[in-house]
Student: 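Quick one: this structure, given as structure tokens, is what I'll be asking you about.
These numbers come from a predicted model, not from an experiment.
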Amino acid sequence: MAPALWLSLFFALYYFGYGIFLPFWALWLSHVGAEAGFIGLLLGLGMAARCVGNLAVMSRVRAADHLLPAARWLCLLSLLAFAAFYGWQSSLGLLLLMLLVNLIYPALMPVSEAIASRLIVQVRLDYGKARLWGSAAFIAANLVVGYLSGGLGPQWVLHTMVLSLALMWLASLLPMRPAPRELHQERRGDSLWQVWRRPGMPRFLLVTALLQGSHAFYYGFSALYWQREGYSTAVIGYLWGLGVLAEIAVFAMNRRWFERFEARHLLLAGAGCALLRWGLLGATTELAWLVAAQILHAGSFCLSHLGAIRYISRDLDGQAVIGAQALYAALPMGMAVALLLVLSGQLYPLLGGQIFWLMAAAVLPVAWLLRSPLTARPQEA
């Protein structure tokens, strides 16, 4: 199977499952008897386990030819872990299984992104066109599972989750030709510590942590806040879907519109969109402005993410790509969001939607941090 087709299918199946897990898993936990406080504990511990799992898994993947076997094993283990929920729904069982699935399942994200980063160099993969299928599948999961769980019961959250993982495992077994491989004269990949010590890497991780972490309040509390302001769940669902549609549009036009831009330029554009978006959401809940703010998801998340992928795939050599992808998934996409999500939960009863202004403040340092290129270019003689 051609690399672009294989990766598009894999992204679609992974994000279909993630589109079940992210919005509906708390609903299933409640269905099997977990109380709200215990659900919060499970989700919080799961987020911490996710960061540990990403680093633990990716620290073992040190070469390009390790990526496909890692994806296949993670798919199988994730399938078995979620299937165990059928028979083990005690409080202790839920706790242990939530820790287990968060150690394994989210690691598929950095593995798939590392495959993409390698293929960008190896076969000039159009990352945007491959990744947009994941965003489309995320919306499809929201619609399909929302309908099934509403009509047939919350047990369908687990049924569809297991089915999506079974399909993803089967898809991962399909051969990819050419498969990810080391290019000529490349040595074994650097360790995570060696990648961390690279010039510009801590600054890159801090920039992306501020950009992606600023989405925490939106991810965790926007639906609750908008519902409190009088919007129906249907309208809230349309607003979320609009944000993902804007994301798909940017991914689709990545090569045509954004190919010539450096990572730093994309990250700065993402910061500008995030600052405007959180300012709008903090200032008003008028529907027209909410629509405008959701369209800005194309910049606040998507351009920021494209900038990160561009830095990893273009500005780093092959030895650093896998480790950089692991650090990006664990710290900016994991730990930063988790910490700001916890902070948002503590402040929400006091500040409500004004927390969007704090998210905007988190983005302000990005312009200063990006005042110079992330990777120093050698001076010409």
Side-chain angles (χ1 to χ4, degrees), residues 10-11 13-26 28-29 32 34 38-62 66-115 134 157-158 161-162 164-166 168-169 172 189 191-193 195-196 205 209 212-213 216 219-220 322-342:
F10 195 82
F11 273 140
L13 290 169
Y14 174 78
Y15 281 98
F16 187 91
Y18 199 58
I20 302 168
F21 187 64
L22 188 62
F24 295 112
W25 196 246
W28 182 83
L29 289 171
V32 297
F38 187 51
I39 291 173
L41 175 65
L42 292 175
L43 296 178
L45 290 175
M47 185 66 75
R50 178 180 307 190
C51 301
V52 173
N54 283 342
L55 291 175
V57 169
M58 296 303 287
S59 68
R60 306 293 298 174
V61 180
R62 299 283 297 279
H66 295 169
L67 289 168
L68 289 184
R72 288 160 181 157
W73 276 108
L74 287 170
C75 287
L76 177 59
L77 293 173
S78 297
L79 171 61
L80 295 175
F82 273 98
F85 279 107
Y86 281 115
W88 206 15
Q89 296 177 5
S90 66
S91 295
L92 178 60
L94 291 176
L95 175 61
L96 294 178
L97 287 175
M98 279 294 289
L99 290 173
L100 180 62
V101 299
N102 278 283
L103 284 170
I104 300 169
Y105 175 62
L108 283 162
M109 187 181 294
V111 168
S112 61
E113 296 285 1
I115 293 172
V157 173
L158 180 58
M161 189 73 204
V162 171
S164 71
L165 285 167
M168 186 166 61
W169 175 57
S172 73
S191 68
L192 294 180
W193 177 243
V195 175
W196 170 269
L205 292 172
Q212 298 299 345
Y219 291 152
I322 294 174
Q325 195 65 64
L327 292 172
Y328 173 61
L331 301 178
M333 299 289 282
M335 186 63 72
V337 175
L339 291 175
L340 286 172
L341 191 58
V342 171

Student: Give the minimum heavy-atom separation between Phe10 and Ala71, together with the two atoms involved.
Tutor: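 Looking at all heavy atoms of both residues, the closest pair is CZ-CB, 4.1 Å.
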
Student: Which heavy-atom pair separates Met168 from Leu108 by the least distance, and what is that distance?
Tutor: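 Answer, listing the atom of Met168 first, then Leu108: CE-CD1, 3.5 Å.
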
Student: Let me confirm one number: the OG-CG distance from Ser112 to Leu13, rounded to the nearest 0.5 Å.
Tutor: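 CG of Leu13 is found 11.5 Å from OG of Ser112.
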
Student: Quick check: closest heavy atoms across Pro332 and Leu205, and the distance to 0.1 Å?
Tutor: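 Minimum heavy-atom separation between Pro332 and Leu205: CG-O, 3.6 Å.
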
Student: Where do Ala81 and Val101 come nearest, in terms of heavy atoms and distance?
Tutor: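 Here Ala81 and Val101 meet closest at CB-CG1, 3.6 Å.
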
Student: Supply the atom-to-atom distance Leu80 CG to Leu165 CG, rounded to the nearest 0.5 angstrom.
Tutor: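 These two atoms lie 10.0 Å from each other.
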
Student: What is the ring orientation for Phe82 with Tyr105, classed by angle as parallel under 30°, tilted 30 to 60°, or perpendicular over 60°?
Tutor: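 Phe82 and Tyr105: perpendicular rings.
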
Student: What is the distance from atom SG of Cys51 to atom CG of Leu103, rounded to the nearest 0.5 Å?
Tutor: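 So the SG of Cys51 and the CG of Leu103 are separated by 10.5 Å.
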
Student: For Trp25 and Phe21, take the angle between the two ring planes, folded into 0 to 90°, and tell me which bin it lands in: parallel under 30, tilted 30 to 60, perpendicular over 60.
Tutor: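 Trp25 and Phe21: tilted rings.
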
Student: Once you round to the nearest 0.5 Å, how far does CH2 of Trp73 lie from NE2 of His66?
Tutor: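 Trp73 CH2 to His66 NE2: 14.5 Å, rounded to 0.5 Å.
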
Student: State the CG-CG distance between Asn102 and Leu97, to the nearest 0.5 angstrom.
Tutor: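 CG of Leu97 is found 11.0 Å from CG of Asn102.
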
Student: Quick one: pull up CG in Leu95 and OG in Ser90 and give me the separation to the nearest 0.5 Å.
Tutor: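 OG of Ser90 is found 9.5 Å from CG of Leu95.
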
Student: How close do Met98 and Leu42 get, counting heavy atoms only, and between which atoms?
Tutor: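 Between these two residues, the closest heavy atoms are CE-O, 3.9 Å.
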
Student: Hey, are the side chains of Val162 and Tyr86 touching, using non-hydrogen atoms and a 4.5 Å cut-off?
Tutor: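 Yes - at least one pair of side-chain heavy atoms lies under 4.5 Å apart.
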
Student: Could you go through Met161 and Val157, starting from their C-alpha distance and side-chain angles, then the distance that decides it, and tell me whether this counts as side chain to side chain contact (heavy atoms under 4.5 Å, CB included)?
Tutor: CA-CA 6 Å; Met161 189 73 204; Val157 173; 5.6 Å; no

Student: Please report the shortest heavy-atom distance between Leu67 and Val111, naming the atom on each side.
Tutor: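 Shortest heavy-atom separation between Leu67 and Val111 comes out as O-CG1, 3.8 Å.
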
Student: Do the rings of Tyr15 and Phe11 sit parallel, tilted or perpendicular, given the 30° and 60° boundaries?
Tutor: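 Tilted.
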
